[in-house]
Novice: 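Structure incoming, see below.
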Amino acid sequence: MKRIIRTLPFVIKQIIRSPIRTTLTLGGIAIAMFLFSFVESMRDGVTAATTATAEDATLVVYRENRYCPFTSNLPEFYSKKIERIEGVANVVPVQIMVNNCRASLDVVTYRGIPEGDLEKVLEPGWRIEDGDSASWMRRGDAAIVGEALAARRGLSVGDSFTAAGITVFVSGILESEAPQDRNVAYVRLPFLQESMKRGGTGSTVTQFSVRVNDPTTLDVVANAIDETFEHDEFPTSTRSEKAFVGQAAKDIIELVGFASWLGWGALFTVFALVANAIIIAMRDRIRDHAVLQTLGFTGSLIGAMVIIEGALLGLAGGAIGVFAAWLVTRIGRYSMTMEGLNVEISSDPFILVIGITVALALGVLAGIVPAWRVSRLEISQCFRAV
Amino acid sequence: MSLIECRKLSRIYNRGAEEIRPLDQLDLRIDAGGFVALMGPSGSGKTTLLNLLAGIDRPTSGELEIGGLSLGDLSRKELADWRSEQVGYVFQLYNLVPVLTAYENVELPLLLHPISSGERHRRVSAALDVVGIADRHSHYPRQLSGGQEQRVAIARAIVTEPTLLLADEPTGDLDRESATAVMELLSRLNKEQGRTVVMVTHDAKTAQYADVLLHLEKGRLIEQEEMAS
Ligand SMILES: Nc1ncnc2c1ncn2[C@@H]1O[C@H](COP(=O)(O)OP(=O)(O)OP(=O)(O)O)[C@@H](O)[C@H]1O
Ligand SMILES: [Mg+2]
């Protein structure tokens, strides 16, 4: 073990003093690990947006068989009826408006809600930062903007911005654990309805956000709501918010599922790059290894040095790529938006840890076979081979 | 007192059905502190013998004792440790590690020894001084002449203070002037530091530095000559 530590500088010199080989290898590893991390960030975002937790207590009531905020129209007065259903804690009518119907990483989603209902509709654990809640009350065009959306657009309190032809005033930045809340702008319902009025939306809304008293009754309450409007002119379809995202953003989720293959491919690439670099180095260093053995280096020590070289390549390349991906997701705060629902590209630091660990492990793995072969070399044969 | 004793030492390689016997029932004694030149035609088994003495190859049969230790009984790992303590090896083509400087090449064998880095530095500098190349310590092998490279290689071989210094045609690739410098150095290491030197050479002039000449042919010792000094 002490010998391994004493030979570490030698291993590092072998890496550093082949700058072209090292740069190319590290560059490749970094790019592959960037890709891997980015895919992981997307997967993490999907998990956060669609995985139900035991505390989830929010239902979304949508128009039956509709998935698009422009076609889901429900009468605002439904909220009175829903409120009376057993197990319902509160109901908030929500109007959704997006500025962009195409797939994009920078969609602005407005959620119009009645003036006093902000606290009811937000998922627990929120905090309004730099908030001037008074201006949310005072100004008709006030918006409480989710932190991710604000970061993406570079918005701070007091700014005005325009999206979808609607200009709003930023009166607070919303911090939240909930991906949806982080990525939308809450505005007042009448203001949004007014702004959108091009052909009589009247007093209709897109959906209702329903909070239940007891999370375990989520399904029961959902069924009760749908039964209430079953024979109505506008039948509803009610699901938990996470399930709703899973359904409405299905295309994005499938895309991310497909991207996972890219992630696996990236890992294989890392393995192949390290293995290739090491195998070529082994061929170049047959004579060096024979010399080392002549000097008294044991086969296992030389094998350990090879594995450490693989580990260092994986670690260095991985760290560069993973950190770059993390910076991009951190600064960009991207969110894949579909039908007004957000699937974030996560910038959880945990992904850094996973990525670097994986790269290190792949480096070690790629070094094992060459190391084993090198450790068994017969010295007298080596000198004959060169 | 003899340092090395070979009794009926044989090394046999099987190349397909064919059997090659580079060393055939060799009997040999080499005294501690001696300077031995191994001579003989190409293919006579000189390098094979040297590799056996260095413990980087193993005898097929017969006995090889060095300093009272029977090399055939040692495991691979024990042999490696023994080499790192007792043997310095000098190659015809120097075999310095190209990515390391002269200093780092000489330091290499000391990485196996449990000594402080200060002590390591002291020993490397001393070895570079002995071979007269201290001013080139930060040069890479490609920046050195053949004679300088070989002197660095000798420094690497002696830095662990081995009892046995083995050299396979150490001047084979050098011009006359560099060859003389290298031979005087080896001679000095033998006389002043008391290291036993076994050197393979084709060259009669080089062989004159030795005090015993051994002539090999077809894997056998055919003549042993004591040189008057
Ligand atoms: N590992 C091996 N496998 C097969 N044959 C070998 C091996 N090592 C040596 N030989 C054979 O053994 C014989 C002696 O080789 P050796 O290298 O000892 O000769 P040498 O006296 O050093 O010759 P030279 O002066 O050319 O260096 C040669 O015929 C060589 O081909
Ligand atoms: Mg030879």
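Naming: A, B, ... by sequence-line order, numbering from 1 per chain.
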Novice: Which one wins on heavy-atom pair count under 4.5 Å against chain A: B/L108, B/T160, B/L93?
Specialist: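 Looking at each option in turn, the highest pair count goes to B/L108.
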
Novice: Can you tell me if A/S37 uses its side chain to pair, donor with acceptor, with the backbone of A/F34 under 3.5 Å?
Specialist: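 Not a single qualifying donor-acceptor pair exists.
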
Novice: What part of B/L100 is in contact with chain A, defined as an atom under 4.5 angstrom from a non-hydrogen atom: side chain, backbone, both or neither?
Specialist: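 For B/L100, backbone and side chain are both near chain A.
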
Novice: More than 12 non-hydrogen atoms from neighbouring residues, nucleotides or ligands closer than 6.0 Å to CZ on A/R376, yes or no?
Specialist: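 No, because the 6.0 Å sphere around CZ of A/R376 holds 12 heavy atoms or fewer from other groups.
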
Novice: Using heavy-atom distances under 4.5 Å, tell me whether B/E85 contacts chain A through its side chain, its backbone, both, or neither.
Specialist: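 Neither the backbone nor the side chain of B/E85 comes within 4.5 Å of chain A.
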
Novice: If we define contacts as heavy-atom pairs under 4.5 Å, which of A/R3, A/R285, A/Q14, A/Q293 has the most with chain B?
Specialist: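 Most heavy-atom pairs under 4.5 Å with chain B: A/R3.
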
Novice: When B/Y103 is tested against each of B/R136, B/H137, B/H121 for side-chain hydrogen bond (donor to acceptor under 3.5 Å, both in side chains), which residue passes?
Specialist: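 Exactly one pass, corresponding to B/H121.
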
Novice: Side chain, backbone, both or neither: which part of A/L292 has a non-hydrogen atom closer than 4.5 Å to chain B?
Specialist: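 The side chain, not the backbone.
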
Novice: So which residue, A/D288, A/L301, A/T294, A/V291, ends up with the most heavy-atom pairs under 4.5 Å with chain B?
Specialist: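 It is A/T294.
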
Novice: Under a 4.0 Å threshold between the charged nitrogen and the carboxylate oxygen, would A/R153 count as salt-bridged to A/D106?
Specialist: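 Yes, A/D106 and A/R153 are salt-bridged.
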
Novice: Taking the six-membered ring for Trp, are A/F36 and A/F38 ring centroids under 6.0 Å apart?
Specialist: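 Not close enough - the centres of the two rings lie 6.0 Å or further apart.
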
